[in-house]
Visitor: 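Below are the structure tokens for one structure; questions will follow.
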Amino acid sequence: WDALDQQLLAPFEYYATPDECDLRQVTWGRPQLAIQQLGNILGADHARARRVIDALNRYVENHSTVRAIAFCVDIAHANFMADRFNETGWPAMAVTSQTADEDRRQAPGRLAAGELRILCTCDLYNEGVDIPEANTLLFLRPTQSPVVFAQQLGRGLRLASSKDSCLVLDFVGRIADGFRFDRIYQAMTGLSRKQFVIEMTTGFTSLPPGCHIQFDRVARERVLDALRTVANQTWRRLTSELLAFAQGR
């Protein structure tokens, strides 16, 4: 917030919309297994791809201004989403560890120039790549890791003369009890779970100038339900979480 208040970062507009994908069987406490399971569920889901594209069309008025990074689950998902974007008039490219080195180096410049509108990637752009012109982020990989969430958000907050703010579209699926929304939203806002619930019910009145957070009604209820569940955790569940953390799971 301090960097945003001092205008060292671009403000963001975060919109959470409901996603009807059923993710209740995903094993979130084991990251590699979770990625595999998410890939099986989301990797070739045409209905979800249509919902993502519909949301992008709904929130973006002028397509020519979009410079987007879509964070995908894995390589197959990145390729799949790039194909779906291209089919619907959004010039896109999958940028993964399988992309040829020269194509990978040229991709950020092609995005900045407007030749491409969307780069679909997994892992490569979480950190270490600087694309100040990126003004739209699509969170297509659900995560409860505050580190991953903050890294992805950070890709769109670099200042650029052509950017007033960064549009962030997130998709909240049907997730099992215990999903730690409180962790990822603390990474985004710096607010505790209790403070975030208060801000959610009052319309996020304490955000820095230019920033905006909005939840669709269904997404809002899913997040609030998950936050209430975390608040009512038993000592046994807390002990289990600490054990899993200590074992690096």
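Just so you know, residue 1 is the first one in the sequence shown, and it goes up from there.
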Visitor: Side chains of P132 and L159: does their closest heavy-atom pair fall under 4.5 Å?
Guide: no

Visitor: Start with the C-alpha gap between C122 and T96, add the side-chain angles, then the distance that decides, and say whether side chain to side chain contact (heavy atoms under 4.5 Å, CB included) holds.
Guide: CA-CA 6 Å; C122 60; T96 71; 4.3 Å; yes

Visitor: Can you tell if the side chain of C72 reaches within under 4.5 Å of the side chain of R141, non-hydrogen atoms only?
Guide: no

Visitor: Do F71 and D123 come close enough that some side-chain heavy atom pair is under 4.5 Å?
Guide: no

Visitor: Show your reasoning for whether side chain to side chain contact (heavy atoms under 4.5 Å, CB included) applies to N57 and T88.
Guide: CA-CA 10 Å; N57 289 329; T88 54; over 6 Å; no

Visitor: For R104, run the side chain to side chain contact (heavy atoms under 4.5 Å, CB included) check against T99, T121, L119 and tell me which one passes.
Guide: T99

Visitor: Are any non-hydrogen side-chain atoms of D182 and F196 less than 4.5 angstrom apart?
Guide: no

Visitor: Which is it for Q37 and T27 under the side chain to side chain donor-acceptor pair (under 3.5 Å) test, yes or no, and what are the steps along the way?
Guide: CA-CA 8 Å; Q37 293 169 334; T27 309; 3.3 Å; yes

Visitor: Taking all atoms of both residues into account, what is the closest heavy-atom pair of E13 and G210, and its distance?
Guide: CG-O, 4.4 Å

Visitor: Looking only at heavy atoms, what is the nearest atom pair of A107 and V95, with distance?
Guide: CB-CG2, 3.8 Å

Visitor: Do P209 and D5 have side-chain heavy atoms sitting under 4.5 Å apart?
Guide: yes

Visitor: Is there a path from V73 to L23 through hydrophobic residues (I, L, V, M, F, W, Y) whose side chains come within less than 4.5 Å of each other?
Guide: yes

Visitor: Run the side chain to side chain donor-acceptor pair (under 3.5 Å) test on E199 and Q195 for me, step by step, so that the C-alpha distance in whole Å, both residues' side-chain angles and the decisive distance to 0.1 Å come before the verdict.
Guide: CA-CA 6 Å; E199 287 290 312; Q195 291 170 327; over 6 Å; no

Visitor: Would you say Q7 has more than 12 foreign heavy atoms packed within less than 6.0 Å of its CD?
Guide: no

Visitor: Can you confirm whether Q152 sits close enough to L137 that some side-chain heavy atom of one is under 4.5 Å from a side-chain heavy atom of the other?
Guide: no

Visitor: Under the 4.5 Å side-chain heavy-atom rule for ILVMFWY, direct or indirect, which residues accompany V66?
Guide: Y15, V52, I53, L56, Y59, V60, F80, M81, F85, W90, I118, L138, L140, L167, L169, F171

Visitor: Is there a side chain to side chain contact (heavy atoms under 4.5 Å, CB included) between F12 and I213? Walk through the geometry before answering.
Guide: CA-CA 8 Å; F12 63 86; I213 297 176; 4.1 Å; yes

Visitor: Kindly check if the number of other-residue, nucleotide or ligand heavy atoms within 6.0 Å of CG (D83) is above 12?
Guide: yes

Visitor: What pairs of residues pass the side-chain hydrogen bond (donor to acceptor under 3.5 Å, both in side chains) test when at least one of them lies in residues 38-49, not counting sequence neighbours?
Guide: D19-R48

Visitor: To the nearest 0.5 Å, what is the distance between CZ on R117 and CE on M93?
Guide: 15.5 Å

Visitor: Any Lys/Arg nitrogen of D54 or R51 sitting under 4.0 Å from an Asp/Glu carboxylate oxygen of the other?
Guide: no

Visitor: What distance separates I175 CD1 from D22 CG, expressed to the nearest 0.5 Å?
Guide: 10.0 Å

Visitor: Identify, with sequence neighbours excluded, every residue that meets side chain to side chain contact (heavy atoms under 4.5 Å, CB included) alongside E115.
Guide: R110

Visitor: Any luck finding a side-chain donor-acceptor pair between S192 and Q186 under 3.5 Å?
Guide: no

Visitor: Distance from L9 atom CG to C166 atom SG, nearest 0.5 Å?
Guide: 11.0 Å

Visitor: Per the side-chain hydrogen bond (donor to acceptor under 3.5 Å, both in side chains) rule, what does the pair list look like for residues 207-217, sequence neighbours excluded?
Guide: H212-Q214

Visitor: Just how far is it from atom CD of Q144 to atom CZ of F181, taken to the nearest 0.5 Å?
Guide: 9.0 Å

Visitor: Pair E87, R84 - check side chain to side chain contact (heavy atoms under 4.5 Å, CB included), show working.
Guide: CA-CA 5 Å; E87 290 171 356; R84 302 292 79 75; 2.6 Å; yes

Visitor: In terms of side-chain geometry, is the basic nitrogen of E20 or R222 positioned less than 4.0 Å from the acidic oxygen of its partner?
Guide: yes

Visitor: With ILVMFWY side chains joined below 4.5 Å, transitively, what does I198's cluster contain besides itself?
Guide: none

Visitor: Please check if I41 and I75 belong to a single hydrophobic cluster, counting links between Ile, Leu, Val, Met, Phe, Trp and Tyr side chain heavy atoms closer than 4.5 Å.
Guide: no

Visitor: Taking atom CD as the centre, does E61 end up with more than 12 heavy-atom neighbours from other residues, nucleotides or ligands that are less than 6.0 angstrom away?
Guide: no

Visitor: With sequence neighbours left out, which residue pairs that include part of residues 64-81 fulfil the side-chain hydrogen bond (donor to acceptor under 3.5 Å, both in side chains) condition?
Guide: N62-S64

Visitor: Can you tell me how far apart OG1 (T201) and CG (L224) are? Round to the nearest 0.5 Å.
Guide: 8.0 Å

Visitor: Does L4 share a hydrophobic cluster with M188, counting links as ILVMFWY side-chain heavy atoms below 4.5 Å and allowing steps through other members?
Guide: yes

Visitor: Aromatic contact between F204 and Y185, with the criterion being ring centroids under 6.0 Å apart: yes or no?
Guide: no

Visitor: How close do S97 and L124 get, counting heavy atoms only, and between which atoms?
Guide: N-CD1, 3.9 Å

Visitor: Do the non-hydrogen side-chain atoms of C21 and L42 ever get within less than 4.5 Å of each other?
Guide: yes

Visitor: Within the side chain of K163, is there an N or O that forms a donor-acceptor pair under 3.5 Å with the backbone of A10?
Guide: no

Visitor: Which atoms form the tightest heavy-atom contact between P146 and A187, and what is the distance?
Guide: O-CB, 3.7 Å

Visitor: To the nearest 0.5 Å, what is the distance between CG on D170 and OG1 on T17?
Guide: 9.5 Å

Visitor: Would you indicate whether the side-chain heavy atoms of I184 and S145 approach each other to under 4.5 Å?
Guide: no

